[in-house]
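Heads up, the thing below is written out as structure tokens.
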Amino acid sequence: MDDQSDGPDEAFARDLEQLDRDLEQRQRPNVPAKTVDLITGLLAGMRLVGRPQ
């Protein structure tokens, strides 16, 4: 691979393609649904903090 013949745009595009491939290969973390529900509820509750009732 000859990086010197590529301009900065081509090198950047090549790096982005590599990052895209790396992200596609990752698997989603195994987070239980109860944990997701708990965090969602906490975040929803935090929106209401400090608001007049």
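All residue numbers in this chain count up from 1 along the given sequence.
Membership of the apolar cluster around M46 extends to I39, L43, as traced through chained side-chain contacts below 4.5 Å between ILVMFWY residues. The other members of the hydrophobic cluster of V31, by chain and number, are V36 (side-chain heavy atoms under 4.5 Å, ILVMFWY only).
Taking the side-chain contact (heavy atoms from CB on, under 4.5 Å) definition, one finds that Q18 meets it with R21, D22, sequence neighbours left out. For N30, the side-chain hydrogen bond (donor to acceptor under 3.5 Å, both in side chains) criterion is met by no residue, not counting sequence neighbours. Partners of R47 by salt bridge (Lys or Arg N to Asp or Glu O under 4.0 Å), not counting sequence neighbours: none found.
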